[in-house]
Amino acid sequence: MDADSQKNHLKAYGMTYWTISKQLKVKWLLNYRGGSFLLPNSEAIQKECQIRGVSFEIISNAKAESILEEVSSPSQNMEAVVLEKAPKIAVYTPYGDQPWDDAVTMVLTYAEIPYETVYDEEVLNDGLLLFDWLHLHHEDFTGQYGKFYGAYRAQSWYIEDKKSAEALAEKLGYAKVSMEKLDVAKKIRDYVIGGGFMFAMCSATDSFDIALAAEGIDICEPMFDGDGSDPAYQNKIDYSKAFAFTNFILEQNPLVYEFSSIDMTRKRRIPKTADYFSLMEFSAKWDPVPTMLCQNHTALVKGFMGQTTSFTRSEIKPNVLVMGENKANGEAKYIHGIRGKGFFTFYGGHDPEDYQHRVGDSKTELDLHPTSPGYRLILNNVLFPAARKKKQKT
């Protein structure tokens with residue numbers, strides 16, 4: 001899985017998922033040649049690699065033992081992690097959205113990793129209990145329709161989306177969309193606390209935390225929910241309810257395309273040509289979880305924007321791990337934390353290979369980006385639940 005040897009990093013994850021779905025174990029060699037996968041050799045696996053265009057090398061048992069010995073050496077920042085159970089994957093996404101509307105669904109489709117879609121009804125009916133891993137599409141859990149009002153309120157798609165959301169909330173017995181979305185966010189929170197793995201990108205990251213922190217407080221202006229907001233809502237925010245962020249200031253102007261001070265989009269002073277973020281290096285033996293999530297063939301990844309592009313470093317809770325950052329600009333791009341028995345990862349931006357994705361832009365063709373480092377980070381999270389859990393070292 002290093003830069004020079006692998007022709008299709010993204011499909012290699014799908015190949016690994018396919019292998020463990022056949023009840024075969026795979027060893028993920030953390031920090032060995034870009035985070036390589038050691039698969040059992042068989043004619044079927046070789047053929048599947050060839051069909052998918054995945055580069056591979058056949059090695060002897062003696063060579064495999066030699067590699068494992070090197071990886072296990074105390075002098076090497078490497079580790080072998082066993083992947084043994086293919087996680088059942090759900091994508092939380094609105095009905096009717098196309099796979100290319102979201103980077104995660106695009107890369108899962110491209111890598112040929114199966115997933116199912118769920119939305120509010122399934123979540124509220126405890127449908128998440130059927131899944132090991134959940135991705136949150138670019139949702140607005142605050143009931144403010146993505147804060148698109150200022151620029152897009154006259155557009156037919158905005159009007160229809162608002163009508164659909166209101167109709168669904170009414171069908172489910174809620175007076176307001178914000179109340180319904182809060183209950184959805186709380187169900188997702190409980191899923192994570194109970195041991196689930198949650199991955200979110202773009203506005204699903206900060207809007208999720210804001211919704212939880214603003215529970216019981218009306219933060220929506222009349223154009224969103226038909227009545228005024230609580231005039232003192234900023235002072236009533238309970239940051240302890242949020243997963244990742246604290247001390248943030250909500251954007252009170254409904255015409256501004258922004259939720260809060262968490263997002264760095266309007267505070268950035270980085271030209272596109274210099275927009276990169278660096279991945280942190282962790283101890284593979286002592287910190288295998290962040291090491292898994294940061295596996296890549298480069299430590300420097302191209303930046304990309306979104307409604308929520310990246311996170312204000314000073315507003316991230318101290319118990320949340322920053323795994324990717326642009327240090328010069330004081331922003332975090334890729335963060336990870338534990339909540340109860342489960343895990344969450346937040347990744348800023350919309351599409352790792354579309355620098356400034358806008359409404360109506362054409363979809364990304366991943367055939368043109370088979371070695372994308374930015375997309376690899378998504379797939380690290382997809383395989384993460386497959387890892388055999390080890391007792392934490394103390």
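The residues of the chain are indexed from 1 along the displayed sequence.
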Inset, instruction - Apply side chain to side chain contact (heavy atoms under 4.5 Å, CB included) to S260 and I210, showing your working. - result: CA-CA 8 Å; S260 75; I210 291 167; 3.8 Å; yes

[Y] and [X], any side-chain heavy atoms less than 4.5 Å apart:
X    : Y    : result
I270 : E331 : yes
I219 : D230 : no
V177 : Q144 : no
F282 : V289 : no
Q252 : Y233 : yes
R313 : N329 : no
T265 : M305 : yes

Closest heavy-atom pair and its distance - [X], [Y]:
X    : Y    : answer
L130 : K88  : O-CD, 3.3 Å
N381 : W133 : O-NE1, 3.0 Å
S72  : K285 : O-CE, 3.4 Å
K267 : T312 : NZ-OG1, 2.7 Å
F346 : A244 : CE1-CB, 3.7 Å
A86  : D132 : O-OD2, 4.3 Å

So how far is it from [X] [atom1] to [Y] [atom2], rounded to the nearest 0.5 Å?
X    : Y    : atom1 : atom2 : value
D263 : S207 : CG    : OG    : 11.5 Å
S55  : M1   : OG    : CE    : 10.0 Å
D120 : K187 : CG    : NZ    : 12.5 Å
M106 : K363 : CE    : NZ    : 9.0 Å
K317 : N247 : NZ    : CG    : 9.5 Å
M264 : T308 : CE    : OG1   : 12.5 Å

For [X] and [Y], I'd like to know if the aromatic rings sit close, meaning centre-to-centre distance below 6.0 Å.
X    : Y    : result
F384 : F343 : yes
F243 : F344 : yes
F304 : Y347 : yes

Inset, instruction - Identify which one of F131, F141, Y191 satisfies the ring pair (Phe, Tyr, Trp, His ring centres under 6.0 Å) criterion when paired with Y92. - result: F141

Side chain of [X], backbone of [Y]: donor and acceptor closer than 3.5 Å?
X    : Y    : answer
N125 : G127 : no
T298 : L300 : yes
N380 : Q295 : yes
D287 : P290 : no
R52  : C49  : no
E112 : L108 : no
Q23  : S21  : yes
N31  : M78  : no
T109 : T105 : yes
Q234 : L250 : yes

Could you verify whether a donor N or O on one side chain and an acceptor N or O on the other, from [X] and [Y], lie under 3.5 Å apart?
X    : Y    : value
E315 : S261 : yes
E281 : N77  : yes
S372 : E353 : yes
Y375 : D351 : yes
D140 : T142 : yes

Legend entry - Cationic N near anionic O, under 4.0 Å, R33 to E57: yes

Legend entry - Presence of salt bridge, K22 and E48, under 4.0 angstrom: no

Legend entry - Passing candidate, salt bridge (charged side-chain N to carboxylate O under 4.0 Å, His left out) with D275, options K333, R269, R268: R268

Are [X] and [Y] joined in one hydrophobic group, where the rule is that I, L, V, M, F, W and Y side chains link up if heavy atoms are under 4.5 Å apart?
X    : Y    : value
M179 : L212 : yes
Y32  : L30  : no
L29  : L379 : no
V82  : V26  : no
L38  : I45  : no

Inset, instruction - Assess whether ring pair (Phe, Tyr, Trp, His ring centres under 6.0 Å) is satisfied between F56 and F37, documenting all intermediate values. - result: CA-CA 9 Å; F56 65 95; F37 300 106; over 10 Å; no

Inset, instruction - Please work out which of the three classes, parallel, tilted or perpendicular, describes the rings of Y13 and W28, given edges at 30° and 60°. - result: perpendicular

Is it the case that more than 12 heavy atoms not belonging to [X] sit under 6.0 Å from its [atom1] atom?
X    : atom1 : answer
D227 : CG    : yes
K171 : NZ    : no
E170 : CD    : no

Inset, instruction - For the pair D238 and S240, evaluate side chain to side chain donor-acceptor pair (under 3.5 Å) and give the outcome as yes or no after the intermediate values. - result: CA-CA 5 Å; D238 185 350; S240 69; 2.5 Å; yes

Inset, instruction - Starting from the C-alpha separation in whole Å, work towards a yes-or-no answer on side chain to side chain contact (heavy atoms under 4.5 Å, CB included) for M323 and L377. - result: CA-CA 10 Å; M323 302 187 297; L377 297 180; over 6 Å; no

Inset, instruction - Answer yes or no for K147 and Y257: cation-pi contact, defined as NZ/CZ to six-membered ring centre under 6.0 Å and angle to ring axis within 45°. - result: no

Inset, instruction - Tell me, with the steps shown, if Q46 and N41 meet side chain to side chain contact (heavy atoms under 4.5 Å, CB included). - result: CA-CA 7 Å; Q46 289 182 39; N41 185 27; 2.8 Å; yes

Inset, instruction - Apply ring pair (Phe, Tyr, Trp, His ring centres under 6.0 Å) to the pair Y152 and W157, showing each step before the final yes or no. - result: CA-CA 9 Å; Y152 299 106; W157 64 263; 5.2 Å; yes

Inset, instruction - Just do the side chain to side chain donor-acceptor pair (under 3.5 Å) check on H9 and T371 with the steps written out, would you? - result: CA-CA 5 Å; H9 291 90; T371 64; 4.7 Å; no

